[in-house]
Amino acid sequence: MRKKVTVVGAGNVGATTAHWIAARELADVVLTDIMEGIPQGKALDLMEATPIIDSDVRVTGSNSYEETANSDIVVITAGFPRKPGMSRDDLLKKNHEVIAATVEKVVAQSPQSILILVTNPLDAMAQSAYRLSKFSRNRVIGMAGVLDSARFATFIAMELNVSVENVNAFVLGGHGDTMVPLPRFTTVAGIPITELMPADKIEALVQRTRDGGAEIVKYLKTGSAYYAPSAAVTDMAEAILKDKRKIMPCAAFLQGEYGIRDLFVGVPCKLGANGIEQIIEVKLSAQEQAELKRSADAVRELTATIGV
Ligand code: APR
């Protein structure tokens with residue numbers, strides 16, 4: 001039997017996630033949204049592409065949740081995207097309400113599923129979903145690090161004029177201005193970038209990575225990034241659906257790892273059939289640990305504001 005992925009929110013990130021999943025023939029997809037006709041129309045359009053792309057998956061759209069029953073993975077993209085001049089944190093309360101409205105319904109239909117959160121501010125929304133779902137922590141995962149490290153890898157490959165396939169970027173921390181890219185663990189064909197670029201160049205790329213979301217918002221004006229975010233979700237979903245046990249940076253509920261407790265923060269996770277199979281701990285320098293703490297403190301302020 002084919003696997004099933006529900007995508008809540010049929011907007012830019014949600015619909016593009018459905019597109020990547022169908023294109024890679026990973027699973028049947030159910031798109032759901034409150035906008036009448038939008039999930040149905042996008043799903044049918046995508047379904048009609050499957051004979052052309054040779055993908056035997058079924059894509060359906062709905063405004064309710066019955067069709068989502070028994071999903072293996074539920075990706076939550078429902079919410080409002082960031083507008084120019086708006087910080088991720090401005091979105092906090094608005095999107096918290098959306099998470100509250102959606103998580104209960106998906107969990108009732110798919111009690112065994114694994115949740116992947118995308119809605120921003122990511123770490124706080126993942127924590128909200130974790131509390132509301134009452135799932136074990138391995139089954140609630142936030143998508144941030146895969147996107148942030150992909151942005152970092154893109155900038156490094158552009159700068160060095162090498163294949164993106166050569167670059168392995170490593171990013172820790174919350175999704176936002178306090179994310180912690182780790183240059184000494186970031187390699188090009190196994191060579192740390194600290195051997196390949198001067199420190200000021202690395203710092204410039206790190207800063208561009210931190211501002212990566214805002215850079216796109218500035219261009220688009222009426223919305224935020226969606227190709228790279230949805231590709232990141234799809235890679236995580238693939239690792240879970242195929243039990244790949246792939247190590248990817250994800251937002252996970254920490255219980256003492258990296259000296260952080262009861263909080264979603266981005267760390268390297270091994271993703272497999274059970275969701276987060278393992279959280280990988282690496283020894284950080286004093287400065288890296290301090291930056292991670294600062295990032296965690298910023299997340300904690302948000303979770304405290306919404307009481308999750
Ligand atoms: N239930 C279901 N869908 C909802 C709900 C809800 N309660 N509230 C809003 N939505 C839907 C909207 O109708 C819209 O179609 O969520 C969709 C969001 O789509 P976009 O506005 O296109 O936003 P998108 O760019 O996809 O970003 C979604 O991902 O990256 C984050 O910051 C981004 O939080 C934002 C989320």
Side-chain angles (χ1 to χ4, degrees), residues 6-21 29-43 45-46 61-68 71 74-109 115-129 132 141-148 150-151 174-177 179 211-234 236 250-251 264 266 302 306:
T6 284
V7 181
V8 183
N12 281 335
V13 177
T16 318
T17 299
H19 177 202
W20 292 117
I21 291 175
V29 182
V30 181
L31 265 177
T32 149
D33 201 292
I34 43 170
M35 302 275 283
E36 276 177 34
I38 298 292
Q40 292 89 342
K42 290 188 179 183
D45 189 11
L46 190 49
S62 170
N63 297 119
S64 65
Y65 285 83
E66 289 82 54
E67 295 83 347
T68 72
S71 293
V74 179
V75 178
I76 301 185
T77 75
F80 301 94
R82 200 153 45 125
K83 298 272 161 59
M86 193 181 187
S87 80
R88 281 201 185 84
D89 305 352
D90 295 335
L91 285 175
L92 177 65
K93 288 183 183 150
K94 254 184 138 182
N95 280 350
H96 176 50
E97 288 166 18
V98 174
I99 297 299
T102 54
V103 163
E104 222 169 295
K105 292 179 193 140
V106 294
V107 163
Q109 296 291 340
L115 305 181
I116 301 179
L117 272 292
V118 184
T119 307
N120 275 315
L122 187 274
D123 306 271
M125 295 303 103
Q127 184 130 333
S128 154
L132 288 160
I141 315 169
M143 187 292 293
V146 176
L147 169 62
D148 293 332
R151 284 182 172 147
H175 186 45
D177 310 331
M179 74 175 79
D211 298 337
E215 188 177 0
I216 304 283
V217 169
K218 216 169 135 202
Y219 281 121
L220 296 182
K221 296 195 172 63
T222 55
S224 52
Y226 54 98
Y227 287 115
S230 55
V233 171
T234 305
M236 291 166 66
C250 305
F264 268 81
L302 303 185
I306 53 173

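Both ligands and their constituent atoms are indexed starting at 1 by order of listing.
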Open item on the list: For the 3.5 Å polar cut-off, considering only N or O atoms, please tell me whether N120 and ligand 1 meet it.
Closed with: yes

TODO: Check each atom of ligand 1 against the heavy atoms of T119 and keep those under 4.0 Å away; list them by number with element.
DONE: 34 (O)

Open item on the list: Do F264 and L122 have side chains that approach each other closer than 4.5 Å (heavy atoms only, starting at C-beta)?
Closed with: no

- [ ] Let me know which of D45, L46, V29 forms a side-chain contact (heavy atoms from CB on, under 4.5 Å) with H19.
- [x] L46

Open item on the list: Holding to side-chain hydrogen bond (donor to acceptor under 3.5 Å, both in side chains), I want the full list of residues that pass it with N63, two or more places apart in sequence or in another chain.
Closed with: Q40

Open item on the list: Closer than 4.0 Å to some heavy atom of A78 - which atoms of ligand 1 meet that?
Closed with: 2 (C), 3 (N), 4 (C), 5 (C), 10 (N), 16 (O)

TODO: Check whether any N or O atom of D33, backbone or side chain, sits under 3.5 Å from an N or O atom of ligand 1, and answer yes or no.
DONE: yes

Open item on the list: Which of the numbered atoms in ligand 1 are under 4.0 angstrom from any heavy atom belonging to T102?
Closed with: 1 (N), 6 (C), 7 (N)

- [ ] Would you tell me which option among V118, V233, V7, L147 has the nearest heavy-atom contact to atom 29 (O) of ligand 1?
- [x] V118

Open item on the list: To the nearest 0.5 Å, what is the distance between CG on L147 and CE on M236?
Closed with: 10.5 Å

Task: Where ligand 1 meets M35 - atom numbers and elements under 4.0 angstrom, heavy-atom basis - done: 13 (O)

Open item on the list: Checking contacts here: is it the side chain or the backbone of N95 that comes within 4.0 Å of ligand 1, counting heavy atoms only? Could be both or neither.
Closed with: side chain

Task: Which residues share a side-chain hydrogen bond (donor to acceptor under 3.5 Å, both in side chains) with T6, sequence neighbours left out - done: S71

Task: Polar proximity ligand 1 side, V13 side, N/O cut 3.5 Å exclusive - done: yes

- [ ] Output, in order, the C-alpha distance, side-chain angles, deciding distance and verdict of side chain to side chain contact (heavy atoms under 4.5 Å, CB included) for I306 and L302.
- [x] CA-CA 7 Å; I306 53 173; L302 303 185; 5.9 Å; no

Open item on the list: Please report whether ligand 1 has a polar contact with N12, defined as an N or O pair separated by less than 3.5 Å (distance criterion only).
Closed with: yes

Open item on the list: List ligand 1 atoms under 4.0 Å from T77, heavy atoms only on the residue side.
Closed with: 28 (C), 36 (C)

Open item on the list: Quick one about D148 and H175 (side-chain donor to acceptor, distance below 3.5 Å, no hydrogens or angles considered), yes or no?
Closed with: yes

